[in-house]
Amino acid sequence: MSAVTDIVVIGAGLAGASCAITAARAGAKVAIVRGGLGATSFSSGAFDRDPWWLVDRAQRLVGGARSVDPIDPDEGHVLDALGIVAVGTSGDATPLLATTSGAVRRAVHRDRALADLRAWAGRTVFLPRADRALWDADTLARGLTQSAPAELEITFRAVDVPILLYADEDRVADVELAARHDDPKRLAWLAERLSSLAAQPDRAAVLLGPWLGVDAPRATDLGELVGFPVGEALSGVAGTAGARLERAVARALDTSAVSLHQGRVSQVARGGGSTRVTLDQQTLEARALVFATGSFLGGGLLHLPAEHGAPADGPEHVRAAFASSIRGAPSITRRGRQGISGALLGPTLDRTAWPEAGAPGDLERVGFGHRDGLVAEGWFAAGDALAESPRSALHAIESGVRAARAALAIIG
Amino acid sequence: MVIGGGVNGVGVARDATMRGLRVALFERNDLAFGASGNSSGMIHGGPRYLSYDPEVTESSCRDSGHIQHIAPHLLFRIPFLYPVERSPKAKVMLTLMDAFFRAYDDYQPLKRGKPHAKLTAEELRALEPGLSGDLVGGISFDEWGIDGARLCTANALDAAERGAKLFVGATVEAIDRRDDNGTVTGVRWRDARNGRTGKITASVVVNATGAWAPITSALSGLPAGSARVRPGKGIHIGYDRRLTNYAIASTTIDGRQIFIEPWQNMSVIGTTDDDYYGDLDNVFATSEEVRYLVQGVARVFPQIRHARPIATWSGVRPTLHKYGPLEDELSRDHEIVDHAAHGAPGLYSMIGGKLASYRLFAEEMTDKLAEVFSIGAKCSTHKSFLPGGERTVDPFALAETLGIDAVAGRRLVYRHGARAERIAERIEKTPRERSVVCVCEPVLEAEVRHAVTEELARSVDDVSRRTRLGLGACGGMRCALRCGQIVAEERGFSPALGRAMAVRFLVRQSRHRAPALGPTQTIQDALGIAALRAEVGEVDASSTDASSETEPR
């Protein structure tokens with residue numbers, strides 16, 4: 001089976017989807033290949049452009065509020081299409097998110113379920129106690145009191161309100177508890193419990209763990225039921241916001257004009273002015289190709305002569321994830337500079353993700369074969385596949401949109 | 001005065017305290033930070049040493065029996081298989097081994113081990129279906145496993161409860177001596193975490209700092225060569241589950257003996273032995289060492305290549321110094337250096353030794369001390385129980401009473417013996433402490449708090465050494481931040497310091513894991529840590545706490 005299209009995007013994470021949606025909206029015929037879950041499911045629900053603590057520090061050094069760049073219309077459209085993002089506006093109103101670790105962090109945009117403390121200024125924030133290992137309401141209330149800016153005049157208070165319904169809920173994973181709140185009856189039950197806190201609804205708010213819905217963020221619905229705002233604390237490990245984002249991305253693709261292909265790419269080849277992408281059951285032919293494969297691009301990657309499938313003696317040569325008609329693994333050129341792909345090599349978030357003292361021998365890295373200019377006309381990359389981009393949600397969207405524009409220019 | 005919180009140091013502290021001496025112990029990093037907490041987790045008799053060091057084998061076996069008596073909860077049986085591959089000499093080899101292990105059997109009763117058995121290839125395969133190669137047969141023999149870090153903790157606790165003062169986290173910066181005759185007068189110390197300093201007088205200083213021994217002896221003004229060791233680095237790789245029923249011995253490409261063993265909840269392969277002259281406070285495995293071990297184990301157990309490694313750990317053995325021999329041929333014996341010979345009366349260095357014979361080494365050292373202080377008390381460390389060893393507790397009954405998982409109960413009782421009941425009391429008082437902070441191992445909130453309040457843990461790393469928190473398949477991604485919260489709360493640190501501790505732990509662990517992980521897993525590891533970083537932001541790695549919490553216990 002073979003299909004002819006304008007653009008093929010390999011990888012249906014945030015970057016790939018941003019690219020496909022943007023290109024399809026501009027009228028191109030787009031096919032996207034979805035292989036499985038990826039880095040998008042690691043989202044914590046915060047949409048950053050740069051690491052937030054660097055922005056914090058810059059602001060401390062420069063003083064005053066930093067104005068936020070206007071949102072690119074295409075990026076704005078992608079955010080809208082996701083349907084779960086509360087878009088931040090100006091520098092003064094940067095959302096401030098409470099985290100389950102007790103830190104308070106800024107974000108450019110956020111998953112709607114996450115509480116924005118800035119919007120809760122002057123309120124008493126109740127944290128219901130629950131016998132869950134990673135949720136100690138008392139400790140958290142103390143931590144947030146210390147981290148939240150004093151001028152917000154928020155009081156954090158742990159309270160005894162039963163919020164767990166079934167016996168296993170002291171131990172089920174956050175994402176599982178969140179999925180249970182997709183049920184409207186369950187949400188109504190929770191609202192009833194929380195309503196008891198509403199002696200002064202205009203002064204109250206409730207902060208919960210990342211437990212409010214997986215199909216969609218349910219915090220707003222819950223807030224409407226109880227008459228005061230309810231929000232989630234951000235967690236880097238709960239998986240709830242990541243699962244929500246994966247679903248939002250999948251939904252956005254489903255409702256777009258992009259054609260979806262499930263499976264693994266076994267070969268990409270360039271010839272006669274077009275690119276052929278071979279999947280298990282079919283071949284896609286297109287004029288432009290976008291790699292949005294996260295860390296799996298070309299298999300040139302990184303790393304690591306540990307014993308992962310190595311032959312009995314001697315080092316294994318890193319294999320490409322799929323064959324390519326371009327000799328050697330593709331290299332990526334971005335803004336005129338040649339880069340090495342492989343997400344671990346990226347700066348900023350990646351750099352901090354790895355111990356800086358890591359020396360050769362600790363983690364042996366394998367780069368890409370370098371060539372002049374573009375690897376092949378009409379091939380582009382987006383998201384983590386671009387080593388130069390820090391791994392953040394907004395960079396994924398931005399690079400996806402940029403790849404879409406480049407691909408659109410090629411197909412004319 | 002004892003310097004060093006490894007097994008030898010805490011062993012001496014305990015013995016000397018029991019004999020009525022007033023003891024202070026200084027540990028620069030944490031209890032079991034070095035070789036003691038990074039061993040193979042076996043108190044084996046060392047059949048390897050039988051041919052050239054039979055007295056080491058005997059003392060190891062005898063002392064292994066004593067440890068079983070005083071801390072039965074910490075020991076678990078590890079039966080070994082030694083397969084022999086077909087070769088022209090295989091039959092002879094097998095007969096020789098049979099005879100060899102018959103000799104080893106003489107020592108087995110000392111440690112309540114079972115005698116060896118000669119097995120056919122079919123019997124070997126029936127016992128361990130994953131065994132590979134063309135085998136002519138093999139031998140089984142019996143060893144004991146132990147959590148070395150728990151052994152240190154138990155000794156330290158007992159010493160403290162009997163009156164020893166423990167300064168964990170305090171670095172000895174100088175050993176003071178009299179100008180005229182060189183006699184030791186005491187030490188000066190600094191707590192690196194809060195900058196506090198102090199001075200303590202003592203007429204005898206025991207240097208039990210393992211591979212650090214030359215550095216420590218130099219603090220007294222003596223040349224480092226006065227307490228010489230041949231430091232040998234050994235690494236281990238941990239897998240996410242128990243891959244075999246039995247430990248299996250194998251050989252490396254250069255003919256060294258290595259093994260894969262089921263150990264606690266995981267399988268472990270080890271070990272290397274290489275001269276090491278790097279930073280003793282930062283010992284990491286390299287991917288070359290990982291490859292060398294996996295290659296060796298794969299000869300008998302090829303599935304190891306498809307198993308999931310989740311950890312490496314590395315320690316530096318303080319082997320007796322000798323110039324010339326290969327690392328493996330060095331004696332595992334121990335000796336005490338009396339620095340009176342170097343003009344520093346009152347300073348002693350403990351060199352060499354093995355986990356299995358730590359108690360005996362400590363006894364020998366304390367005998368010397370008893371002589372110096374003219375006290376007649378005899379050693380009784382082999383008779384009195386280590387904390388938790390005095391009684392057996394039924395883990396399943398305990399689990400049911402507390403409403404926790406049976407596995408959690410079993411691990412709790414393994415680590416704490418009868419002291420598990422103290423943790424149970426915490427839960428009865430505050431039911432929410434029943435919650436499982438680390439699901440991989442598993443570790444309850446009550447146990448984390450207990451480690452901080454009763455077991456001298458001051459950081460997430462320390463709690464991890466006490467409880468194995470964060471050392472399972474998820475590498476602490478889930479539990480480290482929560483543990484940091486608890487440590488900060490219990491010790492009165494700021495919540496931000498708790499978060500900093502957690503991130504430091506995670507980054508250090510990921511560095512330990514990196515050499516053993518495959519590409520896919522490495523990417524996930526990096527993403528996980530990036531996600532956590534994105535939650536807590538920048539942590540000040542140098543942040544220390546200003547609170548005055550160096551009161552010794």
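What you see is a predicted model; the values in this text were computed from it and never measured. Labels below follow one simple rule: chain letters A, B, ... track the order of the sequence lines, proteins then strands, and each chain is numbered from 1.
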Check against side chain to side chain contact (heavy atoms under 4.5 Å, CB included), B/V536 and A/T99 | CA-CA 8 Å; B/V536 304; A/T99 73; 5.6 Å; no
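We find that A/D136 and B/R482 are joined by a salt bridge, their nearest charged nitrogen and carboxylate oxygen being less than 4.0 Å apart. A salt bridge is defined here as a Lys NZ or Arg NE, NH1 or NH2 lying under 4.0 Å from an Asp or Glu carboxylate O, and B/R533 with A/D48 fails to meet this definition.
Remark: the backbone N or O of A/T139 is not paired with any side-chain donor or acceptor of B/Q485 at under 3.5 angstrom. A side-chain donor-acceptor contact under 3.5 Å links B/R432 to the backbone of A/A130.
Summarising the geometry, atom CD belonging to B/E445 is positioned 9.0 Å from atom CG belonging to A/D131; distances are rounded to the nearest 0.5 Å. Within the model, atoms OG of B/S435 and CZ of A/R132 stand 10.0 Å from one another, a figure rounded to the nearest 0.5 Å.
No more than 12 heavy-atom neighbours from other residues, nucleotides or ligands sit within 6.0 angstrom of OH on A/Y166. Within a 6.0 Å sphere centred on CD of B/Q303, other residues, nucleotides and ligands contribute more than 12 heavy atoms.
A search for side chain to side chain donor-acceptor pair (under 3.5 Å) contacts involving B/E85 returns B/R299, not counting sequence neighbours.
Shortest non-hydrogen contact noted between A/L134 and B/V437 is CD2-O, 4.2 Å. Of all heavy-atom pairs between B/A534 and A/W52, the closest is O-NE1, 2.8 Å.
The candidate from A/G102, A/A46, A/S43, A/G38 with the greatest count of non-hydrogen atom pairs under 4.5 Å with chain B is A/G102. Interface check for chain B: of the options A/S235, A/S44, A/G242, the most heavy-atom pairs under 4.5 Å are formed by A/S235.
Looking at A/S101 and B/E535, their side chains come closer than 4.5 Å, going by heavy atoms from C-beta outward. Looking at A/S147 and B/R499, their side chains come closer than 4.5 Å, going by heavy atoms from C-beta outward. Contact annotation: the side chain of A/R142 never approaches that of B/P495 to less than 4.5 Å [non-hydrogen atoms, C-beta and beyond].
In summary, of the residues considered (B/V439, B/D405, B/V436), a side chain to side chain contact (heavy atoms under 4.5 Å, CB included) with A/R171 occurs for B/D405 alone.
Heavy-atom distances place the side chain of B/R434, and not its backbone, under 4.5 Å from chain A.
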